[in-house]
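Right, one structure below, let's go through it.
Numbered from 1 within each chain, the chains take letters A, B, ... in sequence-line order.
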Amino acid sequence: MASTATVAAPHSLAAAHPEPRGLWSWITTVDHKRIGILYGATAFFFFLVGGLEALLIRVQLAVPNNDFVSADLYNQLFTVHALTMIFGALMPLTAALFNYMVPLQIGARDVAFPRLNALSYWIYLFGVLFFNTGMLLQVGPNSGWFAYAPITTRQFSPGLNMDFYVLGLQILGLSSILASLNFIVTIVNMRAPGMRLMRMPIFTWMTLITNVLIVTAMAVFTIAVTELMFDRVFGSAFYDINKGADPLLWQHLFWMFGHPEVYILILPIMGMVSEVIPTFSRKPLFGYNVMVFSGVLIGWLGWGVWSHHMFATGMGPIADSFFALSTMLIAIPTGIKIFNWLGTLWGGSIRFTTAMLFSLAFLAMFTVGGISGVMHAAAPSDLQQTDTYFVVAHIHYVFFGGTVLGLWSGIYYWYPKVFGRLLSERAGQAHFWLTLIGMNITFFPMHFLGMLGMPRRIFTYGDNMGFNEMNALISAGSFILALGTLVFAVNLALSWKFGRKAGANPWGAATLEWSIPSPPPVYNFARIPVVHSRMPLWEGDAGRQAGIPRGRTEEETEQVTLLGHKVGEVADPESDVNKMSPDQAIHLPPPSYWPIILAAGISMIFIGLLFRHMEGALHNLWYMTPAGALLTVVAIYAWAFEPGHSHEH
Amino acid sequence: MDHSHALSAHEANPAHLDTSTGLDNRKLAFWGFIGSECLLFGSLIATYMAYKGNSISGPTPHGDCWKGVPCVNPGHGIFNLPLTTVSTFILLMSSVAMVLALNYTQRGERMKSALWLFLTAFGGSIFLGCQVYEFTHFYHEGLSLGTSLFSSSFYLLTGFHGAHVTAGVLYLMTLAWMAYRGRIGPEKSLNVELAGLYWHFVDVIWIVIFPLVYLIK
Amino acid sequence: MKSVLTAAGSLRRLRPGRALRSGLPALLPLLLVVAAACGDDHLTRFPQSTFAPATEMAEEQMFLFHLTMWMGIAVGLLTFGLMAWILWKFRYRPGGPEAQQFHGNTTLEIAWTLLPALIVAVIAVFTVRAIFITQPEPPANALNVRVIGKQWWWEFQYPVGKDTIVTANEIHVPVGQPVQLLLESDNVLHSFWVPQMAGKRDLITNRVNRLIFTPREPGVYMGQCAEFCGDSHALMKMRLIAHTPEGFRQWLENEARPAVEPTDSASAVAVGKKLVTQGVCAGCHVIKGTPMVGRTGPVLTHFGRRRTLAAGILENNAENLRQWVRNAPSVKPGSKMPQLGGDIPNGLTEEQITYIVAYLQSLQ
Ligand code: HEA
Ligand code: HEA
Ligand code: CUA
Ligand SMILES: [Cu+2]
């Protein structure tokens, strides 16, 4: 099959690198695969938590004038629901797949900075636990996920609620930035010989774009939140209306991050779908180049549209027109993607596996969400839609119909690679249909509700507004979704033990991660593969030759030189597997406990600030901040001088 | 790709060759980090500019009056331009020292490398000292963090920069000490190069901040 | 290459047809909902609907909504139809044709770049046009009303000569004359939304926003705050009442007068007046013609004329008013009007509340 990669590792190699065991090995792991699993498990748990919060929202709204939860609790619920879903579940779920799959897809043994990777995970874990603590104590953030000033200032929100927001999101933002730098370097620098940029799998490409967006957009958000933190903790005046502050400053900073953020959540999915659809159509992706460029374009245009969230703020006709037009432009590259996926399906031999079904459903549901997006972009009519359930419908068609369906597709697709066993297809089918039907019952009527005058973020509504039936229907739909999700959770758990053995390449896919055993050995590749095309595993198949883009590739590959060395004979003696016995050749970074310690130090800095404003004994807990700072400095030095990690900083 | 350049880097540092671009991973990460930093500072600068002249209380930077508010202290700005100009100059000069430090590290002149690294850090420290002086002085003039939009955006922007300088000073001191102990030979000059990248970046940011905040009225 | 699709084996029975059949019943309720939403009595069923525009501005917005919606439906049907057909045509069948191996087609790709571009262009033209139509320069004959958002109620100020007439929660306007709202807030953000009049416009602290529209038909229009503003954001409603020009003039004249005096100084109303003007209420409310000066709560000078109570959430009747005065936060969570009666020490007695209610209702 694949001329370039070995499927089974030589025995001696596996013996030289046994799979480490025990809890301690997970805490100190720097293996990108294990960190990927940690990310995935944590994030899935928080998806359930976010879903549970959604269910509570739906119970409250099921009937008019309900008092199942109090107004304040409701406000916490929808805020924390959104934050948990976005920062606690979906971003980390994509990060889980970046972690696990990107090094495998590019033929690397790990990410560029394994310890930094572990650090990102631990910071994320502490951050997400931290702000969910707020929710558990019923002082969770309560001003909506975009937390418009000035309701977030001490003057209007004296409690701890928004402290959890500012501190928690700073921690999570830091984690994302660090993780993204790591992925960028990994993708740019750690590709196997011959894997030029335009040979990278689309998922890797979209990961790269996403992570560039994260390091830039998150930075803007970090500053917005830092300013708010200074206001709340140290009494500065950024959003203090009594000092003349302009609330629109927050809105601009937030959405300058917030809009790229939504593309951060969809671009990786577009990558996943671009892996799944070709695999199950048994033909190459249609228009690879255009797929890459439209992804870049979406990411780029995504920076110039933020004010479409602010049409109601009265920016004036010129600004309104600019942002309306720039927003609509994005429909074009996105449309190209949609049609290219259809082009990929065309002429294929389509297998309706669960992974494929989710990808196809993504195509359909995301199109619905995109279209309501374009309707929002028409500024004058958006003035009626904004801040109603019409937006809530848009949010969930793109986030649930887009991101979540795509993620589920990716998980059905890659689970066998990670755990060596296939997810049950029968349960998968049930999961799929419950989810597809459930999501449409839940989210489609929201379009009507919004246009019929139901604002968002209301903890209840009057009996006479005409909202009753639809809300009841929506709430019922959300329980269908919950049922589907439970089926999924059970499937994930049971298949881990009882699923059918997968083998290296159960789907007959084309990319490098399928060339190694499932689950992959610690060192991933016994030999670093040499890549000659975009579809290394389909190269050997005569029937597929026509589909693999040739152009100059064939001849060039032979001549591609890396720093003056012919590809394949890599210069670094350490990785020159040809000249040494395999176990000698592979250097893997040793485990380290500094990541978790450093993460603890960093988190303590922020968590301590929570108490600075409190009276009484709790106030003293704020000394966690200086203690955390000290721990951070110590850990950074220990990190820098830790033996066995000389490659790293 | 510029092969000849990459190859010379190879000779200096053979351990880092197996990357797709020929650039060291750490160096690439640093560039990414700097990209991120640009947006961090960019947002702070944007805040400062958005709020410029919109404060409604407290001392003013240049002695002009706040919009729509009776003038407290006309003609008496709070900035001490000569002092800040000097400290800016010193910070810029420390960048020159940084260049020399890298140069000597690459040539393997241990003591000179240590000395220039130390001088770079020393320049940074003087800058920091000036900033501490400036902040305390402003504070006594009645400009505390929460006084006005100006004070908040000024302190956070310049303070954030100061925190970067502080981190840089610690970083450089560590390197200076390591160089002194002979632990940074030419083969490890990348360590110094990265510190240099960081230091120059912090300087460049100041070159943007200084005119925007101190010079333009 | 042999397909290793073992797992997919059991799925081959699956046909898109089956998918459709199981999907359709799910859509039925939706269709019913749509059917139910479009009747003659639309506004009685959905009093806050955007589908009944009553100004040129709202009509412009509705037109754009319909344009984008139908274009969207067309695009959606095209995409879905194409997809369904492709899935059917190229589904895997044992012994069926192998997948065709090709990886692109420049002509096609250009075509499906141009098609969306064209649709976007059409939408864009109408959008920009509507943006400029719906944000006109303030006309010279416009009636200016200052709207101030509070947590969680509305204050409306009408400049009349040198005077300002202040009222709350019900905004009165004449038909046939452009209304310019000057939207402000001295606390958190709010958003003014009376769907039949116009789309939303935010009330932003330290800024003044404008919204201009011209009501056509006299009537009562529902509205609600549309920007999250804290605990009782859900309960920050309002009514817009459009009068004939003559009716509006009369309303304004009445508003300008001080509060009516109780005719009989021994009546319940008079007792109530004493309780209100000399009691705790005076700290927060204004009643013109009495010494009350508090600005925390809504002006009550002609409160008895309001149709609704507590920012449009309750009918203004004696029973609701009793409950409100007794314990406002029980009606409106977090309300800045504290609990004054009921089971608190030194609270108002039920008897006192009766008098207060009588007085409030007399404030015509
Ligand atoms: C994954 C997340 C995601 C994605 C991908 C998008 C994609 C888009 N979004 Fe969305 N958006 C959100 C998440 C997302 N959005 C969220 C969370 C909010 C609310 C935030 C909040 O207030 O809480 C929001 C809000 C939001 C608003 C503000 C609404 C308001 O508050 O008033 C607007 C306005 O323009 C908008 C527009 C768009 C557009 C034009 C796209 C486009 O990218 C869509 C492009 C895709 C298509 C158009 C479909 C496929 C294309 C074709 C089949 C081609 C032919 C089509 C045409 C020519 C129309 N979005
Ligand atoms: C990011 C992705 C995302 C996802 C996946 C979801 C998923 C869901 N959302 Fe959410 N939502 C948002 C993002 C998301 N949402 C955002 C950004 C907002 C705006 C917030 C704001 O205004 O600030 C919002 C707001 C929002 C609202 C509006 C609230 C309001 O304005 O007042 C509603 C109301 O129905 C809602 C419902 C749902 C439902 C029913 C789901 C369902 O799909 C959930 C399905 C999942 C489950 C049902 C899980 C089932 C799990 C179990 C049964 C097991 C539980 C067990 C354990 C925890 C151990 N969401
Ligand atoms: Cu006022 Cu919401
Ligand atoms: Cu957006």
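- At least one donor-acceptor pair closer than 3.5 Å links the side chain of A:Trp538 to the backbone N or O of A:Gly508.
- Judged by distance alone, with hydrogens and angles left aside, the side-chain atoms of A:Arg351 form a donor-acceptor pair with the main-chain N or O of A:Ser349 at under 3.5 Å.
- Note: A:Gln385 leads A:Met356, A:Gln385, A:Met454 in heavy-atom pairs under 4.5 Å with chain C.
- With a threshold of 4.5 angstrom between heavy atoms, C:Glu60 does not approach chain A through any atom at all.
- Looking at C:Phe80, the atoms closer than 4.5 Å to chain A (heavy atoms on both sides) all sit in the side chain, from C-beta outward.
- Using modelled atom types, one finds a donor on one side chain and an acceptor on the other under 3.5 Å when comparing A:Asn142 with A:Asp72.
- In this structure, no portion of A:Leu436 lies under 4.5 Å from any heavy atom of chain C.
- For chain A, the nearby parts of C:Pro195 are the backbone and the side chain; heavy atoms of each come within less than 4.5 Å.
- Within the 4.5 angstrom heavy-atom criterion, only side-chain atoms of C:Met62, from C-beta onward, approach chain A.
- For chain A, the nearby parts of C:Met69 are the backbone and the side chain; heavy atoms of each come within less than 4.5 Å.
- Of the two parts of C:Ala198, only the backbone, made up of N, CA, C and O, holds a non-hydrogen atom closer than 4.5 Å to a non-hydrogen atom of chain A.
- A:Phe390 touches chain C through its side chain: at least one heavy atom from C-beta onward sits under 4.5 Å away, while N, CA, C and O do not.
- Looking at A:Ala379, the atoms closer than 4.5 Å to chain C (heavy atoms on both sides) sit in the backbone and in the side chain alike.
- No side-chain heavy atom of A:Asp387 sits less than 4.5 Å from a side-chain heavy atom of C:Ser191.
- Less than 6.0 angstrom separates the ring centroid of C:Phe126 from the ring centroid of C:Phe63.
- With a 4.5 Å cut-off on non-hydrogen atoms, C:Arg207 touches chain A through its side chain but not through its backbone.
- For C:Thr79, the parts lying under 4.5 angstrom from a heavy atom of chain A are both the backbone and the side chain.
- Two rings, from C:Phe228 and A:Phe78, have their centers less than 6.0 Å apart.
- Atoms CD1 and OG1, on A:Ile458 and A:Thr460 in that order, are 7.5 Å from each other to the nearest 0.5 Å.
- Here the two rings, on A:Trp250 and A:Tyr148, have centers that are 6.0 Å apart or farther.
- Judged by distance alone, the side chain of C:Thr127 and the main-chain N or O of C:Ile123 form a donor-acceptor pair under 3.5 Å.
- The candidate with the highest count of non-hydrogen atom pairs below 4.5 Å against chain C, out of A:Thr313, A:Leu342, A:Ile480, A:Ile350, is A:Ile350.
- Heavy atoms of C:Asn187 lying under 4.5 Å from chain A belong to its backbone as well as its side chain.
- In this structure, chain A has a heavy atom under 4.5 Å from the side chain of C:Asn209, while its backbone stays farther away.
- With a 4.5 angstrom heavy-atom cutoff, C:Leu203 does not touch chain A via any of its atoms.
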